[in-house]
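Throughout, a chain's letter reflects where its sequence line sits, starting with A, and its residues are numbered from 1. Computed over heavy atoms, backbone and side chain alike; hydrogens, waters and symmetry mates excluded.
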Amino acid sequence: MSKTCKRGGGKAEMNLTPMIDVTFQLIIFFMLTNQIASEESVTMIVPRLEDPKVQELETESRVVVNVVPPDYNEKERKGDMATILGATDGSAKNVRVGLDDFTFDDLGGLTNALKIRADQAKAKGQEIDVILRADCGTFYDQVIPIMDAITAAGIATVKITAYIEGESK
Amino acid sequence: MAQNNAPNPDAAQGSAPEEQAQPYKKKPREVKSSSMTLNLTSMIDVIFQLLIYFMLTMAAAVGEGVLTAKLPQGSGAGEKTELPEKPLNIIIQSAGMTGVSYRISIEGYGESPSNFSDLAKLLARLQYNSTNPSGAYKDDNPIVIKARSDVRWQHVVNAFNAGITAKFKNIAFARPSEEGGE
């Protein structure tokens, strides 16, 4: 009897240890992937289309080729498309693939990097998906050399990034 | 005997410290029945805040989709696609001071659509299919987007999107051309 009385004195408590373990794992996962994702995708305004037919991307081996726009003031690039376009000079700073930067003088390096990635994907029996991400204000002649560099790596198609209707403002 | 000796040094220090120590000795006895636990609530609060933050910021990368495009043919080892005799060329020129606006025309056709929705409609009219037997181009007829070098990427992708809207399957980019226009 006395034993049961003593037990009754303690509060019933949930064991929180496994929950905290799992939560920490999740936090670490999101922190790491978040950093990787933000490094891979350069801040830019991708084209907003009239009646877009853009699809969501489902692919495993993908390479994002970013045409990095010059630094811009985000406040100046708000509003309608004419304002957004007018606030840039249409130039591009460099090209970023993953965490590597390539200058426009070193597009051969970009080709080699893509070739290596395409070969790695081929070894796994996958097709590589190259995603071309360029700012909406970039001039066409800035994008063409990069398309050429991708072609030179033996890749015939790219995926072009634009906003998906409904998910953008 | 040894047990009796142990507390002696404490007693030798004087009675005052012993009196002060007594309240500390009593307290643990009162809470003895429940085990000592760390209060985890605040930590869990913070952890959940962090978790929610990272989950939300991660979702910010979404919102972009893709259009599959053929690259301009060049010196590379890319797979060669043969262009049939009659590709449909969409010509885009920039207009305005900074290339904010644009002019679209289709080579061989007098019409110049004022925006990309009109371009999509025009392309749909040109396409031959069961509902539009008067169209001159099959859906796999190549469409080539010929943009001048100072055309903004926004307009190039928009023209590409118009081709997809009109259900053409074979759309490619051409190298920028300087001829034609100012």
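In this structure, the portion of A/Leu132 lying under 4.5 Å from any heavy atom of chain B is its side chain and not its backbone. At a 4.5 Å heavy-atom cutoff, the contact between B/Leu51 and chain A is made by backbone and side-chain atoms alike. Both the backbone and the side chain of A/Ile27 come within contact range of chain B, judged by heavy atoms closer than 4.5 Å. If you measure heavy-atom distances from B/Ala159 to chain A, you find no contacts under 4.5 Å at all. Of the two parts of B/Ile145, only the backbone, made up of N, CA, C and O, holds a non-hydrogen atom closer than 4.5 Å to a non-hydrogen atom of chain A. Heavy atoms closer than 4.5 Å to chain A are found in both the backbone and the side chain of B/Val157.
Judged by the 6.0 Å distance and 45° axis criteria, B/Arg152 is not positioned over the aromatic ring of B/Tyr102.
Your options are A/Gly90, A/Gly86, A/Ala134, and the one with the most heavy-atom pairs under 4.5 Å with chain B is A/Ala134. Taking A/Val143, A/Val67, A/Asp135 one by one and counting their heavy-atom pairs under 4.5 Å with chain B, the maximum is reached by A/Val143. Of the listed residues B/Thr165, B/Val156, B/Ile164, the one with more heavy-atom pairs under 4.5 angstrom with chain A than any other is B/Thr165. Of the residues considered (A/Val158, A/Thr161, A/Thr111), A/Val158 shows the highest number of contacts with chain B, using heavy-atom pairs under 4.5 Å.
Taking the six-membered ring for Trp and thresholds of 30 and 60 degrees, A/Tyr140 and B/Phe173 have ring planes inclined between 30 and 60 degrees apart.
Residue A/Ser91 comes nearest to A/Pro70 through the heavy atom pair O-CD, 3.1 Å, listed as atom of the first residue, atom of the second, then distance.
Although no hydrogens or angles enter the test, the distance criterion places no donor-acceptor pair under 3.5 Å between the side chain of B/Glu107 and the main chain of B/Leu88. Without hydrogens or angle criteria, B/Asn115 side chain to B/Ser117 main chain gives a donor-acceptor distance under 3.5 Å.
Taking CD1 of A/Ile144 as the start and CZ of B/Arg175 as the end, the distance is 6.5 Å to the nearest 0.5 Å.
With 3.5 Å as the limit, one finds a donor-acceptor pair spanning the side chains of B/Ser94 and B/Asp150.
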